[in-house]
Amino acid sequence: MRKLAVLILVITVMTIGSLSAQRIAREYLDVGDTINVYPKVEWIKGNPTGKFDPNKVYIIDLWATWCKPCIAAMPHFNAMASKYKNQGVVFIAQDVMEDDRQKVVDFLKANDKMMEFDVAFGGGKGSDFEREWIKPAGVSAIPQTFIIKGNKLLWQTSPEMINERVIEMLIKGDFSIEKAKKTIPH
Amino acid sequence: MNILKINVQSLVTLSLLFFSVNAFSQNKFIIKGQLSQEINGKKILLSYKNNGVITEDSTKAEMGKFIFKGLIGDPAYARISVDPPAMTTMQNVKSLDVRDFFIDAGEILITGSGGVKTAAIKGGKTQADYQKRFELYRPVQARVDSLNTLIAGYKENGNNKAIDAARLEMNAEFSKTAKIDSNFIRENPGSFLSLDIWRSKHRGTLRSSFEPEFMRFSPIVRNTFAGREIQAKFDLAKKLAPGQPAPEFKLKDTAGKEVSLSSLRGKNVFVCFYMPDFMNYDAFTFNLGRINRALKDKNTVMVTVYYSYSDRPASYWMETIKKSNFNWMNLNDIGGVNEAGSLSSTAKAYGLTFYTLPNALLIGEDGNILASQLKLNDTGLGQELAQLIK
């Protein structure tokens with residue numbers, strides 16, 4: 001009887017352990033949702049982001065080496081990353097939707113000056129980034145840009161919507177999607 | 001009394017009266033062709049859109065000579081071809097003898113020593129404008145042709161960098177055509193062709209903000225059948241503007257039970273009229289889910305209204321609901337829209353056509369519209385709508 005009780009206890013502890021080891025995938029990532037931790041990715045340039053610093057602005061641009069519009073937007077991001085790097089604004093070029101890590105590394109080598117900010121490789125299909133970000137945010141096409149501040153997703157948009165006026169609003173703390181949209185001439 | 005003034009007034013009144021009677025009447029046209037005499041016994045096919053209705057006619061050329069007679073309302077965009085194959089394929093497309101032009105009321109002459117591709121086409125004002133626009137396009141076309149030749153060469157050599165550069169230049173060339181067109185429209189407000197170019201860019205829902213652009217066309221152009229159609233769209237946009245009462249509809253749900261919009265009074269209603277399987281459909285359904293999550297605590301009923309192409313089985317509605325995860329009120333208005341436009345009272349009231357679907361509105365608890373002309377691909381739309389509900 002005592003043996004049986006010990007066995008049940010061991011099985012229970014093991015089950016709880018294995019459950020806590022598995023992270024439950026995020027179902028949705030909507031504007032306004034809380035986001036504390038960057039998914040597991042491989043940082044191949046710059047400084048890794050683990051936990052989001054609530055005092056910083058994060059501008060995360062989803063791109064891939066095969067995506068021409070994504071690459072076309074990079075010089076624009078690079079200029080802004082350089083301008084705001086000491087003002088608590090973190091630019092991240094997050095590679096997604098491709099499995100070949102070497103391709104990304106080669107691209108960065110060939111275009112060293114184009115992306116002088118943090119670059120991460122997502123890991124392609126089945127990766128943590130796909131489970132925790134791409135699927136919950138409904139990303140079916142790139143480029144797409146996400147803005148995070150105060151551990152909240154503030155905006156899911158496209159790179160051309162990000163400009164200096166938008167970043168100034170984020171730094172000052174008076175950002176709203178409505179105001180940001182008005183900075184783009186129609 | 002100034003007689004001259006009276007005469008001018010009478011003339012204006014009479015001409016307006018004449019014009020309004022004549023605006024949607026059908027006018028005769030005759031196309032006289034004389035091509036190479038070697039084109040003998042061959043079929044000549046003419047197709048054109050008469051006030052939105054596709055019309056086809058054919059005849060046989062005798063020693064290169066042919067005649068078409070018909071009636072048109074507005075000047076009609078037309079295509080004429082000699083001995084057309086049963087089907088156009090990638091292989092035969094270059095050898096087709098085909099030409100696009102405009103039919104104005106009156107006489108049109110198509111003459112040349114070869115086929116229609118190289119013939120001179122002389123007709124009315126719209127055809128002259130069409131030719132003028134063609135000449136403005138010519139330098140762009142020449143550069144695009146030479147870039148295509150270059151790209152073919154680069155492909156053989158495997159020079160991917162040069163291909164990318166040439167494609168980039170080609171995109172820049174194509175973007176010049178948009179500029180040519182906007183200049184043409186601005187400089188020719190009295191040309192039906194200007195209106196035709198303009199409306200082809202605004203085939204979907206016409207946002208009220210475009211009305212000032214439309215008002216720059218001359219009154220005669222605005223009073224054509226096409227112009228009146230566009231004006232009607234603007235009038236409808238005003239009826240569906242925020243603050244206006246949402247038109248009533250009564251449609252069946254998945255259990256076959258009739259649901260009316262008025263029965264939902266007291267709740268906010270997000271209603272989206274849609275057809276399935278368009279490009280980026282998955283992103284659209286995901287965004288509806290996002291809107292649903294954003295409005296879930298806002299006393300809001302989420303409603304999707306299904307439309308379909310006639311060749312889809314009735315069961316496709318349920319399949320669509322399932323695969324799209326539409327876990328809310330689903331209604332249908334199957335048959336309410338077809339290729340000709342809006343058929344049902346709901347489709348007419350909300351201006352729904354194959355070109356304007358999907359289309360959504362947020363309606364307040366009092367039945368008045370809170371937001372319309374929504375950009376359904378905007379990922380922040382749910383949050384914006386949530387802010388509109390007090």
Side-chain angles (χ1 to χ4, degrees), chain A residues 26-34 60-62 65-73 75 97 103 106-107 110-111 130 133-148 152-162 166 169 175-186, chain B residues 160-161 163-172 175 182 201-202 206-213 242 277-298 323-327 371 373-389:
Chain A
R26 176 188 277 274
E27 195 175 2
Y28 298 112
L29 178 57
D30 291 339
V31 170
D33 282 359
T34 300
I60 300 153
D61 185 48
L62 271 46
T65 58
W66 50 261
C67 168
K68 301 229 155 109
C70 302
I71 293 160
M97 297 182 179
K103 222 180 215 176
D106 292 345
F107 181 89
N111 301 280
E130 187 184 60
W133 200 295
I134 292 181
K135 284 191 175 164
V139 177
S140 55
I142 50 173
Q144 279 201 35
T145 308
F146 291 75
I147 295 182
I148 287 161
K152 295 263 184 221
L153 174 60
L154 295 188
W155 201 12
Q156 178 179 349
T157 185
S158 50
E160 71 270 16
M161 303 300 281
I162 310 298
V166 170
M169 281 181 213
F175 170 88
S176 75
I177 294 176
E178 201 183 347
K179 273 166 69 182
K181 279 182 180 171
K182 284 182 184 158
T183 67
I184 305 292
H186 290 287
Chain B
N160 289 335
K161 271 204 164 176
I163 292 173
D164 285 350
R167 283 197 176 138
L168 221 72
E169 195 188 334
M170 190 149 356
N171 287 343
S175 67
S182 63
K201 287 180 185 162
H202 299 282
L206 264 175
R207 293 180 189 281
S208 324
S209 54
F210 290 115
E211 195 168 5
E213 267 184 42
D277 304 335
F278 53 86
M279 198 191 273
N280 289 332
Y281 181 74
D282 288 347
F284 159 77
T285 59
F286 193 92
N287 210 24
L288 285 193
R290 217 181 246 137
I291 291 164
N292 185 42
R293 294 193 289 279
L295 302 182
K296 70 177 188 295
D297 300 324
K298 295 275 183 180
K323 77 171 179 183
S324 310
N325 291 320
F326 288 168
N327 304 317
Q373 301 193 337
L374 304 178
K375 291 181 181 172
L376 288 164
N377 58 353
D378 186 340
T379 53
L381 181 61
Q383 300 299 317
E384 281 182 44
L385 296 177
Q387 282 170 14
L388 289 176
I389 300 173

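The sequence lines fix the lettering, A, B, ..., with proteins before strands; numbering per chain opens at 1.
Heavy atoms from other residues, nucleotides or ligands lying under 6.0 Å from NZ of A:K68 number 12 at most. The environment of B:K298 atom NZ is dense: over 12 non-hydrogen atoms of other residues, nucleotides or ligands sit within 6.0 angstrom. By the neighbour-count criterion of 12 heavy atoms within 6.0 Å, atom CD of B:E169 is densely surrounded, having more than that number from other residues, nucleotides or ligands.
The residue among A:G138, A:S140, A:G32 with the most heavy atom pairs within less than 4.5 Å of chain B is A:G138.
For B:N287, no part lies near chain A; criterion is any non-hydrogen pair under 4.5 Å. B:D378 touches chain A through its side chain: at least one heavy atom from C-beta onward sits under 4.5 Å away, while N, CA, C and O do not.
B:R290 places no side-chain N or O within donor-acceptor distance of the main-chain N or O of A:Y28, the cut-off being under 3.5 Å. A side-chain donor-acceptor contact under 3.5 Å links B:Q383 to the backbone of A:V31.
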Walk me through it: do A:K181 and B:E384 pass the test salt bridge (charged side-chain N to carboxylate O under 4.0 Å, His left out)? CA-CA 12 Å; A:K181 279 182 180 171; B:E384 281 182 44; 2.5 Å; yes
